[in-house]
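Here the structure is laid out as structure tokens; the discussion comes afterwards.
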Amino acid sequence: MITLDTVTKSYGAFQVLKGCSAEIGRGEVVVVCGPSGSGKSTLIKCINALETFESGQIYVDGMAVRSANTDHSALRAKAGMVFQSFELFSHLSILDNIMLAPRLVQKRGKEELCEHAKMLLRRVGLEQHADKYPIALSGGQQQRAAIARALAMKPDVMLFDEPTSALDPEMVQEVLQVMTELAREGMTMMCVTHEMGFARQVATRILFVDAGEIVDDCPAADFFAGRCSARAQAFLRFEEAHPS
Amino acid sequence: MITLDTVTKSYGAFQVLKGCSAEIGRGEVVVVCGPSGSGKSTLIKCINALETFESGQIYVDGMAVRSANTDHSALRAKAGMVFQSFELFSHLSILDNIMLAPRLVQKRGKEELCEHAKMLLRRVGLEQHADKYPIALSGGQQQRAAIARALAMKPDVMLFDEPTSALDPEMVQEVLQVMTELAREGMTMMCVTHEMGFARQVATRILFVDAGEIVDDCPAADFFAGRCSARAQAFLRFEEAHPS
Amino acid sequence: APCPQAVEGLISPPHLVMATNPTLPPLQYVTVDGQIAGMRVELGNEIARRLCLTPVMLSTSFAQLTLGLLEKRWDVINTGMFYTAQRARLMEMIPYEIQAISVSLNDDSALHPARLEDLSGSSIGVEMGGIEEHHAREADQALRNARRPGFDIKTFQNVGIAFAALRARQVTAVFSIDAVARRNALQGGVKPVLKGLYPTPVALALRDPALAQRLADVLEAMREDGTLERLMAPYGVVPFPGRIVVSGPSHPSDMH
Amino acid sequence: MQIWSWHGFFTYLGSPYIFRGALITVYMTAVSMVMGFLLGLLIAVMKRSQRRLLSWPARFYVWFFRGTPLLVQLVVIYTGLPKLDIRLSVLACSIIGLTLNEAAYLAEIIRAGLNAVPTGQIAAARALGLSERQIAWRIAFPQAFRLIIPPLGNSVNGLLKTTSVTSVISMEELMQRSQILVQDQFMVLELFSVAALYYLLMTTAWDFLQRRIEHYAERPYRRQQKTAAVEAIELPATTQDAR
Amino acid sequence: MQIWSWHGFFTYLGSPYIFRGALITVYMTAVSMVMGFLLGLLIAVMKRSQRRLLSWPARFYVWFFRGTPLLVQLVVIYTGLPKLDIRLSVLACSIIGLTLNEAAYLAEIIRAGLNAVPTGQIAAARALGLSERQIAWRIAFPQAFRLIIPPLGNSVNGLLKTTSVTSVISMEELMQRSQILVQDQFMVLELFSVAALYYLLMTTAWDFLQRRIEHYAERPYRRQQKTAAVEAIELPATTQDAR
Ligand SMILES: Nc1ncnc2c1ncn2[C@@H]1O[C@H](COP(=O)(O)OP(=O)(O)OP(=O)(O)O)[C@@H](O)[C@H]1O
Ligand SMILES: Nc1ncnc2c1ncn2[C@@H]1O[C@H](COP(=O)(O)OP(=O)(O)OP(=O)(O)O)[C@@H](O)[C@H]1O
Ligand SMILES: [Mg+2]
Ligand SMILES: [Mg+2]
């Protein structure tokens with residue numbers, strides 16, 4: 001589904017990604033973790049071309065990302081993205097937020113789209129908030145709406161960048177629940193998160209990133225059973241000791 | 001040190017605090033917890049008169065808060081406050097942030113003050129950041145600076161309102177550590193927080209607030225041993241099951 | 001009267017387009033319902049009638065009068081422009097009336113000047129760009145050359161505000177055209193104390209030499225048959241004493 | 001001469017000449033505001049461009065038209081263009097001058113508004129596959145518009161009065177007509193009071209309109225207060241639940 | 001009549017009469033900007049007050065002085081005040097008029113700046129025991145000032161040219177002097193080009209100054225880029241540590 005092939009990226013003299021390679025199969029749920037500043041966000045943004053990279057290649061469903069004749073719109077329709085700060089369009093109602101991109105990018109019919117949007121809102125438990133504006137919703141509700149918005153494009157893979165870290169503790173659960181359901185339904189997912197509980201429940205693989213390198217790429221079961229690299233185990237112990 | 005006597009407060013028709021009473025002795029560390037919107041922030045703001053309340057009374061070190069002839073400046077010098085969002089003065093350097101209020105309110109001498117400020121910065125581990133502006137510091141560093149700023153007034157009691165909930169996971173620990181040291185040194189503290197680990201380590205008492213009432217006020221040991229009200233126990237279980 | 005042969009040099013025949021700066025009641029001004037009125041309008045209408053043309057009177061700022069003429073926005077400047085040799089080098093000028101300057105003071109002014117020099121050291125209000133300003137500056141210079149205190153000249157963009165300033169005693173005196181001074185005296189509060197200073201010919205100004213010749217002929221005819229005097233008398237204005245001729249780039253004149 | 005004549009005041013207040021002058025002022029303001037906004041939008045977008053070929057002319061434009069007086073611009077348009085054999089009516093010259101001048105100021109206002117749109121919103125739109133053009137029209141401009149309204153309102157207030165500079169090329173708007181009438185009866189205070197009253201009427205009407213536009217644009221950013229109040233009252237009950 | 005005379009242009013460019021006019025323009029701008037700022041500050045604070053007795057007069061002031069033309073205000077001050085036996089020089093009248101007018105606009109700018117200071121900063125100051133006056137001077141104004149600079153700069157640019165309205169009461173500033181000279185030789189374009197050049201010089205000089213002030217005020221809000229770059233490069237190494 002996604003192939004990362006020695007992806008390298010620098011900001012000026014500072015190399016953020018130092019040749020990252022990985023292979024994510026259809027239906028896999030990959031959790032990316034690692035210390036702050038290690039390049040997790042950058043890596044995930046390279047996948048849907050929100051960031052450029054200098055060398056290496058990424059394939060999404062066979063489509064090369066770093067290529068002059070790649071249709072970025074099509075690529076981004078394949079890879080839905082959910083941000084830490086939700087970023088619902090503040091001037092549009094929740095329903096319009098969900099319908100905007102499918103209408104403009106995929107030119108889908110209004111009626112089918114409205115049906116689809118309402119189905120998605122039901123799925124994330126927001127059917128009665130369709131006509132509200134983002135500001136009227138809690139953080140957790142906004143994040144669930146953002147997930148619905150990404151799903152409306154019928155993506156093949158969903159990318160999450162710390163989707164719960166801007167939320168109040170009480171709201172984290174409702175978002176994780178939606179994500180867990182998504183994973184159980186077979187969506188391919190790549191998720192930067194510190195939520196080890198979530199990782200334990202649904203991840204098939206853990207990528208541990210440190211200083212721009214994927215220092216560990218191992219099955220979730222092994223990771224939690226302590227059969228991965230010492231560096232990753234240390235990090236895991238730290239996270240579990242200070243669960244905040 | 002602090003006496004709350006049936007404190008009542010409303011926003012229009014909505015009663016936020018429905019007669020809260022409690023007694024906090026010198027050197028106690030009281031953790032206030034409870035669901036979102038239950039009135040924790042309001043309660044703590046009433047103590048240093050950042051919010052007014054309609055009936056009941058609060059005494060801080062014998063000083064009545066709700067009284068026409070209370071000197072609010074003196075009251076606030078007694079009760080230092082640390083906010084969720086740090087609120088360091090963005091136009092002043094860290095050192096100036098710390099020295100501003102003692103200079104203006106307590107009219108303390110520049111030299112003594114500078115000494116004191118530097119001592120405090122050393123204590124929170126920021127001695128080499130004295131001349132930086134807040135924006136140049138990480139969230140955890142900012143919060144530690146905010147604690148130092150409150151301490152500079154030599155308060156009798158420190159009030160914390162969710163001091164770590166706006167921080168990235170990696171930065172929570174450094175702030176909790178400073179708070180733990182403070183508690184161990186005998187500072188009277190009242191702290192709204194979801195950090196049950198912190199509560200377990202240093203709290204002498206837990207106040208559980210729900211819907212504007214202090215529904216439970218019991219020693220920390222009893223609380224964690226499950227000897228408090230069912231409502232509080234349920235909340236505790238929830239927090240510990242989803243430690244985020 | 002029979003119509004003469006076709007008139008050459010008009011910008012939009014059969015209209016005779018004239019421009020005025022309507023800031024000089026009662027000679028040229030705008031009434032409260034927006035009509036341009038006054039002696040100059042009557043004069044323009046009479047000239048157009050004699051040439052069998054339709055008179056059109058435009059209102060514009062003083063600064064634009066000359067430029068608009070050179071840019072063919074109108075045929076004639078009919079605003080009581082003073083004749084100067086400098087202007088006659090630029091445009092075809094037809095002197096046809098005599099205008100002079102008055103000095104107005106407040107009714108209760110303590111000054112009783114017999115000559116202009118007696119106002120030495122006073123502040124004088126004038127409208128910008130007029131011959132009044134020109135003479136005020138000349139007199140000021142003369143005083144200074146004689147080592148006496150000069151005038152403090154205040155240039156207003158509008159003679160109305162100059163008189164308002166006089167009434168508010170922000171200036172001691174106002175230099176203005178005789179007719180304007182008289183009009184203000186009627187309004188009350190101020191009085192002309194010196195009249196008839198610097199009598200100067202006033203001219204129509206044109207761009208087209210042929211058209212200028214035609215207009216000069218008409219005006220000369222009007223002067224001869226007394227129309228001009230009859231038209232001007234109610235306003236206290238006198239016609240140009242001599243023969244009315246064109247003086248301009250194409251009509252070098254010996255009159256100055 | 002008396003200090004104040006009510007008769008004069010009411011005569012001028014009822015004068016159709018003055019009234020038509022006020023209409024001309026409103027007309028010039030409206031037309032040059034709309035055209036200036038469009039031109040300003042173009043210049044703002046150019047100025048934000050990465051390409052120097054676009055951004056430098058825009059910079060120069062703003063520098064030049066903000067730096068020189070409108071009066072001079074108008075005179076140059078009115079007397080300079082005919083030398084190139086372009087002869088426009090006074091009204092056309094006035095509107096061109098006002099538009100060019102206003103566009104420079106509006107460009108800066110619009111640019112500030114566009115800069116204030118959170119970059120996260122743009123990134124989110126990009127991640128959804130919207131083209132740059134779609135992002136501009138659907139996300140950036142609508143969000144910037146709300147931020148632009150207050151300074152835009154200030155500009156309208158200013159422009160209503162700035163139009164009177166066109167009198168230099170003999171445009172007879174409200175102020176010029178007032179000054180022309182001053183010549184007749186010399187009732188300066190009465191006439192100018194009438195003019196001031198007209199201007200106050202216009203700015204007050206605009207303020208009212210602006211508040212309506214603001215109210216409309218702020219709609220998505222209000223926490224639907226009615227519902228919120230109800231929620232607040234019900235909260236103590238619902239917090240008992242599974243939350 | 002030729003289209004352009006270089007001789008005329010340079011004569012006017014070197015004319016001390018025009019140069020002194022430019023000095024007068026700068027002087028009036030500077031004085032009325034400073035005084036208008038102080039008055040505007042007072043009005044902004046009044047308008048934000050909870051007490052109607054303070055806020056309503058401030059509202060009225062802004063409504064009135066933004067709603068009426070400066071020209072009218074100047075004429076009323078110049079010819080109206082003497083009727084109350086207050087007789088001021090043309091320069092004094094000009095500066096008073098400009099100040100009163102500008103204060104209304106500046107009050108709105110300052111008010112917006114004060115509104116933009118995060119309430120959390122005020123709450124933190126209050127929690128530290130600072131008095132309301134100390135909060136205003138030590139926290140609110142310094143933080144608002146930074147936000148105010150760009151619109152303030154716009155105002156200075158505008159005011160430089162607005163001063164020319166004072167010519168209505170015979171103030172001989174740059175524009176008026178240019179117009180007076182126009183009468184003499186009719187070299188409109190040459191003279192106005194010189195005037196425009198002076199104005200461009202003034203606004204450019206101000207822009208330069210404004211950038212310096214902005215740079216200074218932004219100092220606390222820059223993430224000390226030099227250090228940040230070093231940190232970024234060192235980060236991969238330090239993240240290995242206890243963080
Ligand atoms: N636009 C930029 N210019 C320069 N450096 C940048 C830029 N964006 C990110 N960086 C640097 O790149 C590194 C990796 O950033 P990235 O945001 O990918 O880290 P991360 O692993 O997502 O961290 P976090 O957990 O804090 O979100 C950081 O050191 C950061 O300072
Ligand atoms: N200024 C206000 N006007 C009206 N209602 C308010 C105001 N401030 C707070 N409230 C309401 O009062 C209640 C208690 O607020 P408070 O901030 O004290 O809760 P909290 O326990 O601190 O919640 P959280 O954990 O989310 O911080 C909430 O329901 C809130 O909606
Ligand atoms: Mg990140
Ligand atoms: Mg709270």
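Numbered from 1 within each chain, the chains take letters A, B, ... in sequence-line order.
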Taking all heavy atoms of D/Gln134 and all of A/Leu104, pick out the closest pair and write down the distance.
NE2-O, 3.3 Å
Please give me the minimum heavy-atom distance between A/Ile135 and D/Tyr221, naming the atom from each residue.
CD1-O, 3.6 Å
Taking ring pair (Phe, Tyr, Trp, His ring centres under 6.0 Å) as the cut-off, I'd like each qualifying pair that reaches into residues 142-165 of chain D, sequence neighbours left out, listed once.
none
Nearest 0.5 Å, what's the CD-CZ distance between D/Gln121 and A/Phe86?
12.0 Å
With rounding to the nearest 0.5 Å, note down the distance linking CZ in D/Arg146 to OG in A/Ser90.
6.5 Å
Part of A/Leu88 within contact of chain D (heavy atom distance under 4.5 Å)
backbone
Around atom CD of A/Glu115, are there more than 12 heavy atoms of other residues, nucleotides or ligands at under 6.0 Å?
no
Other residues, nucleotides and ligands only: do more than 12 of their heavy atoms fall within 6.0 Å of CD on A/Gln84?
yes
Within the distance-only criterion (no hydrogens, no angle test), does the side chain of A/Glu87 pair as donor or acceptor with the backbone N or O of D/Ala123 below 3.5 angstrom?
no
Chain D interface, residue from A/Ala146, A/Ala101, A/Ser85 that has the most non-hydrogen pairs under 4.5 Å:
A/Ala101
Under 4.5 Å from any heavy atom of chain D - which part of A/Phe83:
side chain
Is the number of heavy atoms from other residues, nucleotides or ligands within 6.0 Å of CD1 (D/Ile86) greater than 12?
yes
Around atom CD of A/Gln128, are there more than 12 heavy atoms from other residues, nucleotides or ligands closer than 6.0 Å?
yes
For chain A, find which of D/Ala124, D/Pro118, D/Ser131, D/Ala217 contributes the most heavy-atom pairs closer than 4.5 angstrom.
D/Ala124
Return yes when atom CZ of D/Phe19 has more than 12 non-hydrogen atoms of other residues, nucleotides or ligands closer than 6.0 Å, and no otherwise.
no
Is it true that A/Tyr133 and D/Arg222 share a donor-acceptor pair across their side chains at a distance under 3.5 Å?
no
Could you check whether any side-chain heavy atom of A/Arg103 comes within less than 4.5 Å of a side-chain heavy atom of D/Arg138, counting everything from C-beta outward?
yes
Rounded to the nearest 0.5 Å, how far apart are CD1 of D/Ile139 and NE2 of A/His91?
4.5 Å
In Å and rounded to the nearest 0.5 Å, what is the CG to OG distance from D/Leu128 to A/Ser73?
10.0 Å
